[in-house]
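The structure appears below as structure tokens.
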Number of protein chains: 2
Amino acid sequence: MILKHMLNQLSPLDVAFQALADPTRRAMVERLSRGPASVSELARPFAMSLPAVMQHLALLEGSGLVVSEKIGRVRTCRIEPRALSLAEDWINARRTAWERRLDRLGDYLEELKNNGDDNASGT
Amino acid sequence: MILKHMLNQLSPLDVAFQALADPTRRAMVERLSRGPASVSELARPFAMSLPAVMQHLALLEGSGLVVSEKIGRVRTCRIEPRALSLAEDWINARRTAWERRLDRLGDYLEELKNNGDDNASGT
DNA sequence: ATATCACTTAAGCTATTGCTTATCTATTTG
DNA sequence: CAAATAGATAAGCAATAGCTTAAGTGATAT
């Protein structure tokens with residue numbers, strides 16, 4: 001039997017926003033925005049087990065928001081700004097689309113007002 | 001008995017990112033970025049029941065990303081750009097923090113290179 | 001060599017999420 | 001008024017998310 005969730009592959013945007021939805025993961029991104037960190041450094045501020053932190057990290061890496069490299073026994077993590085841009089740009093596009101729409105509406109109403117008196121007898 | 005999840009109140013940023021994490025809700029935001037829509041207009045593109053759409057809508061309104069007004073029997077929804085900015089600005093702040101950090105590092109390495117020959121005997 | 005450190009993997013458990021159907025309440029419209 | 005329309009509320013259910021503990025693995029220090 002083929003399950004529904006096996007069919008629909010998630011887009012990069014899906015996984016990025018899903019990764020950012022969790023407060024712990026956003027705190028990890030915030031920490032990494034100030035510079036690289038090892039897994040245990042990343043884990044230290046949180047009141048949760050290391051495996052829990054690793055699961056968050058796995059999701060962040062899966063989304064491309066974070067990349068890491070293991071040297072010896074320590075894995076160093078850093079943030080990938082281009083994956084952040086992806087989400088940022090999506091929001092920006094929707095917000096500016098709305099604002100442009102408001103501007104056009106404003107212009108139209110302005111035009112109506114200005115043409116009001118010299119158009120009153122025009123028809 | 002007091003449950004843990006009854007204590008921790010979610011921040012505006014939490015609910016905003018959580019709202020944006022779902023593909024259906026992002027599609028609704030995308031639709032609304034092109035102009036206001038009624039609940040059934042919003043629901044039409046999706047292969048799910050109206051109550052399901054209403055639950056998504058409730059979450060979007062709870063996050064402040066969408067506002068709505070009911071006139072007669074139709075509720076008209078529109079997007080609230082300032083709530084979008086909240087999430088957008090959070091991402092932007094982290095991304096630019098990282099990029100500034102990289103720039104400073106680049107400047108430092110550049111400086112090391114330029115001072116290399118006239119500093120070789122300097123100490 | 002062996003103990004410690006830094007992670008990693010696996011399994012399991014609970015709360016939440018994203019749906020569903022069924023039922024209900026207001027507003028139009030005929 | 002009766003019937004259709006637009007939305008709202010409630011209850012329930014399967015899948016997922018976010019943890020936990022226990023038990024690895026491989027690198028480094030004693």
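Everything numeric in this text was worked out from a predicted model, so none of it was measured. Here is how names work: the chains are called A, B, and so on, in the same order as the sequence lines, proteins then strands, and each is numbered from 1.
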Rounded off to whole Å, could you give me the [atom1]-to-[atom2] distance for the [X] and [N] pair?
X       : N      : atom1 : atom2 : value
A/Ile71 : D/dG26 : CD1   : C1'   : 16 Å
A/Leu42 : C/dT8  : CG    : P     : 12 Å
A/Glu61 : C/dT8  : CD    : C1'   : 13 Å
A/Met54 : D/dG18 : CE    : C1'   : 15 Å
A/Leu57 : D/dG18 : CG    : P     : 14 Å
A/Met48 : C/dT14 : CE    : P     : 19 Å
A/Asp22 : D/dA17 : CG    : C1'   : 9 Å
A/Leu60 : D/dA17 : CG    : C1'   : 14 Å

[options]: which one has an atom nearest the side-chain heavy atoms of [X]?
X       : options                : answer
B/Ala52 : C/dC19, D/dG18, C/dT8  : C/dC19
A/Ser49 : D/dT20, C/dT28, D/dC19 : D/dT20
B/Thr24 : C/dT21, D/dG18, C/dC19 : C/dC19

Considering heavy-atom distances to DNA chain D, does A/Gln55 or B/Ser38 have its closest nucleotide positioned more toward the 5' end?
B/Ser38
Along DNA chain D (nearest heavy atom to each residue), the more 5'-positioned of A/Leu50 and B/Arg75:
B/Arg75
Report yes if some heavy atom in the side chain of B/Pro12 is under 4.5 Å from a heavy atom in the side chain of B/Leu86; otherwise report no.
yes
So, B/Ser63 versus B/Gln18: side-chain donor-acceptor pair below 3.5 Å or not?
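Note: B/Ser63 and B/Gln18 side chains miss the donor-acceptor criterion.
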Distance check: side-chain N/O of [X] vs OP1/OP2 of [N], anything under 4.0 Å?
X       : N      : result
A/Lys70 : D/dG26 : no
A/His56 : D/dA17 : no
A/Gln18 : D/dA17 : yes
A/Arg73 : C/dT4  : no

Aromatic plane relationship, B/Phe17 with A/Phe17 - under 30° parallel, 30 to 60° tilted, over 60° perpendicular
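Tilted: the ring planes of A/Phe17 and B/Phe17 meet at 30° to 60°.
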Look at atom CZ of A/Arg75 and say whether more than 12 heavy atoms of other residues, nucleotides or ligands are closer to it than 6.0 Å.
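Atom CZ in A/Arg75 is crowded, with more than 12 foreign heavy atoms closer than 6.0 Å.
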So which heavy atom on B/Ser38 is nearest to which on B/Val74, and how close?
CB-CG2, 3.8 Å
